[in-house]
**Q** 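Before we start, here is the structure in question, set down as structure tokens.
Here is the naming used below: chain letters follow the sequence lines, and residue numbers restart at 1 for every chain.
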Number of protein chains: 2
Amino acid sequence: MFSKSTEYALRATIYIAQESSPEKKLSLNQIANAIDSPPSFTAKILQLLTKDNCVISSVRGPNGGFYITETAKQLPIRKVLEAMDEQDLFIKCILGLNNCSETKPCPMHYQYQPIKKQLIKLFESKTILQLADPSQPANFLVNNSL
Amino acid sequence: MFSKSTEYALRATIYIAQESSPEKKLSLNQIANAIDSPPSFTAKILQLLTKDNCVISSVRGPNGGFYITETAKQLPIRKVLEAMDEQDLFIKCILGLNNCSETKPCPMHYQYQPIKKQLIKLFESKTILQLADPSQPANFLVNNSL
DNA sequence: ATAATTAAGGACAAAAATACCTTTAATTGT
DNA sequence: ACAATTAAAGGTATTTTTGTCCTTAATTAT
């Protein structure tokens, strides 16, 4: 569905929204550890998410780290996809065509269109806050079959 | 959603199902041209699809080429994903976790699960034949904004 | 048999994605 | 001011994906 980068970005954003606040910032290592991602690579991804403080905010120095504002929590999760430049989902069809439309449907158009609509609605309507429900257990680890 | 390889594989399979028969085989170049894919790369993908004559069949030599049997047309399009070894869709969740389940839901589980179900159903229940509806125009080209 | 045609298969190349490492900049506490 | 801490930024390395090319094998027609 998504690239690894985008998966990490979504996990990181949700985790930060669950655990952080402007008073309680999270370090790179805390985040990478929690979402089971390589720290150095995660640093790059967090850089993209903090660009213009759009989704995630950050401060350097002691007691610095990453956090999210209450305002940013109200953003739809589509913002994460935008920050990661992963928008094929919204543009292309399931066969990879970008000119597939109602008037020029590809052979899978009528099968996939309703699903695509739901995917778009999910990312457009659900906010970061709504996914970061602290009453739910986080469960981010990929291989915790312990 | 899918890798380029899988996109080409789906397009090729549907095109072959639309245009070919054991009596009317299609050459690599015909296929690559029709689905707007690089010929040499498409050759590799067709090799995977013809493995064990599972989805696509082929014969070498003059008047040879690729075609699909009536039997193979009855296969669900999931077979194409299997041949391309692209099955993350069926296993992983939208955050890339493979241990996300009803008992251990990830933060997006309840939002994504119904959509995932529909995707699986689409690939499990729709046959190649059903997508290769010859009454529909093919429209495979990516950039035919003419 | 031979030549022509077409897919199969292997080696290789380019590009993109993923991951790491080192230096720099900002912030804080002493 | 200085040292410690932490993210930002840049470069580099590795892996995977995508794509090309060339030789081999199979089939057909002559």
Side-chain angles (χ1 to χ4, degrees), chain A residues 1-13 16 20 22-33 35-68 81 83-88 96 142, chain B residues 1-13 16 20 22-33 35-68 81 83-88 96 142:
Chain A
M1 175 75 68
F2 294 129
S3 65
K4 283 250 174 255
S5 306
T6 300
E7 287 175 1
Y8 295 151
L10 285 167
R11 290 196 232 160
T13 302
I16 292 168
S20 87
E23 300 79 45
K24 187 192 170 199
K25 303 184 197 72
L26 303 169
S27 75
L28 170 63
N29 284 325
Q30 281 180 292
I31 295 165
N33 192 62
I35 69 171
D36 194 30
S37 63
S40 325
F41 190 45
T42 308
K44 290 289 178 198
I45 290 159
L46 289 171
Q47 260 181 59
L48 290 174
L49 291 171
T50 50
K51 196 104 206 252
D52 311 318
N53 278 348
C54 188
V55 180
I56 301 297
S57 303
S58 69
V59 293
R60 299 199 248 202
N63 301 316
F66 300 90
Y67 66 98
I68 187 168
L81 303 190
M84 301 305 295
D85 204 37
E86 174 118 36
Q87 303 199 71
D88 280 0
V142 173
Chain B
M1 174 75 69
F2 294 129
S3 66
K4 280 257 173 249
S5 305
T6 300
E7 287 174 0
Y8 295 151
L10 286 167
R11 289 195 232 160
T13 302
I16 292 167
S20 88
E23 300 80 43
K24 186 194 170 199
K25 303 184 197 75
L26 302 169
S27 75
L28 171 62
N29 284 324
Q30 281 180 293
I31 296 165
N33 191 61
I35 69 171
D36 195 29
S37 63
S40 321
F41 190 45
T42 307
K44 294 290 175 198
I45 290 159
L46 288 170
Q47 260 180 60
L48 291 173
L49 291 171
T50 50
K51 195 107 205 249
D52 311 318
N53 278 348
C54 188
V55 180
I56 300 298
S57 304
S58 69
V59 294
R60 298 198 247 199
N63 301 315
F66 300 91
Y67 66 98
I68 186 167
L81 303 190
M84 301 306 295
D85 203 37
E86 174 117 37
Q87 303 199 72
D88 280 0
V142 173

**Q** Figure out the CG/P separation between Leu28(B) and dA8(C), and round it to whole Å.
**A** 9 Å
**Q** Between Tyr67(B) (OH) and dT6(C) (C1'), how many Å, whole number?
**A** 14 Å
**Q** Does Thr50(B) place a side-chain N or O at less than 4.0 Å from the phosphate oxygens OP1/OP2 of dA7(C)?
**A**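 So the side chain of Thr50(B) is outside the cut-off, no N or O lying under 4.0 Å from OP1 or OP2 of dA7(C).
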**Q** Mind listing the closest non-hydrogen atom pair of Leu28(B) and Pro39(B) along with its distance?
**A**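 Looking at all heavy atoms of both residues, the closest pair is CD1-O, 3.5 Å.
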**Q** What is the nucleic acid contact for Leu26(B), judged by heavy atoms within less than 4.0 Å: base, sugar-phosphate only, or nothing?
**A**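 If one applies the 4.0 Å heavy-atom cut-off, Leu26(B) turns out to touch the sugar-phosphate alone, with no base involved.
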**Q** Using a 4.0 Å heavy-atom cut-off, write out nucleotides 14-19 of chain D from 5' to 3' as B (base contacted by protein), S (sugar-phosphate only) or - (no contact).
**A** ----SB
**Q** Is it the case that the side chains of Ser58(B) and Thr50(B) hold a donor-acceptor pair, with the cut-off being a distance below 3.5 Å and no angle test?
**A**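 Per modelled atom types, Thr50(B) and Ser58(B) side chains form no pair under 3.5 Å.
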**Q** Checking Phe66(A) now: which residues fulfil ring-ring contact (aromatic ring centres under 6.0 Å, His included) with it, not counting sequence neighbours?
**A**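 Partners of Phe66(A) under the ring-ring contact (aromatic ring centres under 6.0 Å, His included) test: none.
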**Q** Just how far, in rounded Å, is C1' of dA7(D) from NZ of Lys51(A)?
**A** 15 Å
**Q** Does dA9(D) have OP1 or OP2 under 4.0 Å away from a side-chain N or O of Gln47(A)?
**A**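 Result: yes.
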**Q** From the options Thr13(A), Leu46(A), Ile16(A), select the one residue that forms a side chain to side chain contact (heavy atoms under 4.5 Å, CB included) with Val55(A).
**A**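 When Thr13(A), Leu46(A), Ile16(A) are each tested with Val55(A), the side chain to side chain contact (heavy atoms under 4.5 Å, CB included) holds only for Thr13(A).
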**Q** Taking only N and O in the side chain of Ser58(A), is any of them less than 4.0 Å away from OP1 or OP2 of dA8(D)?
**A**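 Yes, Ser58(A) has a side-chain N/O under 4.0 Å of OP1/OP2 on dA8(D).
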**Q** Nearest-Å distance, CG (Asn29(A)) to C1' (dC21(C))?
**A** 14 Å
**Q** What are the two closest heavy atoms between Glu86(B) and Ser3(B), and how far apart are they?
**A**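 Residues Glu86(B) and Ser3(B), closest heavy atoms: OE1-OG, 3.0 Å.
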**Q** How many whole angstroms separate atom CG of Leu48(A) from atom P of dA19(C)?
**A** 15 Å
**Q** Of all heavy-atom pairs between Met84(A) and Thr6(A), which one has the smallest distance, and what is that distance?
**A** CB-OG1, 3.7 Å
**Q** Take atom CG of Leu49(A) and atom P of dA9(D), then tell me their distance rounded to the nearest Å.
**A** 13 Å
**Q** Restricting to non-hydrogen atoms, name the atom on Arg11(B) and the atom on Ile35(B) that form the minimum distance, rounded to 0.1 Å.
**A**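 That would be NH1-O, 2.5 Å.
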**Q** Enumerate the protein-to-nucleotides 3-5 of chain C contacts in which both atoms are nitrogen or oxygen and the separation is below 3.5 Å.
**A**
residue	atom	partner	partner atom	Å
dT5(C)	O2	Pro62(B)	N	3.4

**Q** What is the minimum heavy-atom distance between Tyr67(A) and Val59(A), and which atoms define it?
**A** CE2-CG1, 4.4 Å
**Q** Please give me the minimum heavy-atom distance between Phe41(B) and Ser5(B), naming the atom from each residue.
**A** CZ-OG, 3.4 Å
**Q** Take the protein atom CZ of Arg11(A) and the nucleotide atom P of dT18(C), then report the distance between them rounded to whole Å.
**A** 12 Å
**Q** To the nearest angstrom, how far is Asp85(A) atom CG from dT18(C) atom P?
**A** 13 Å
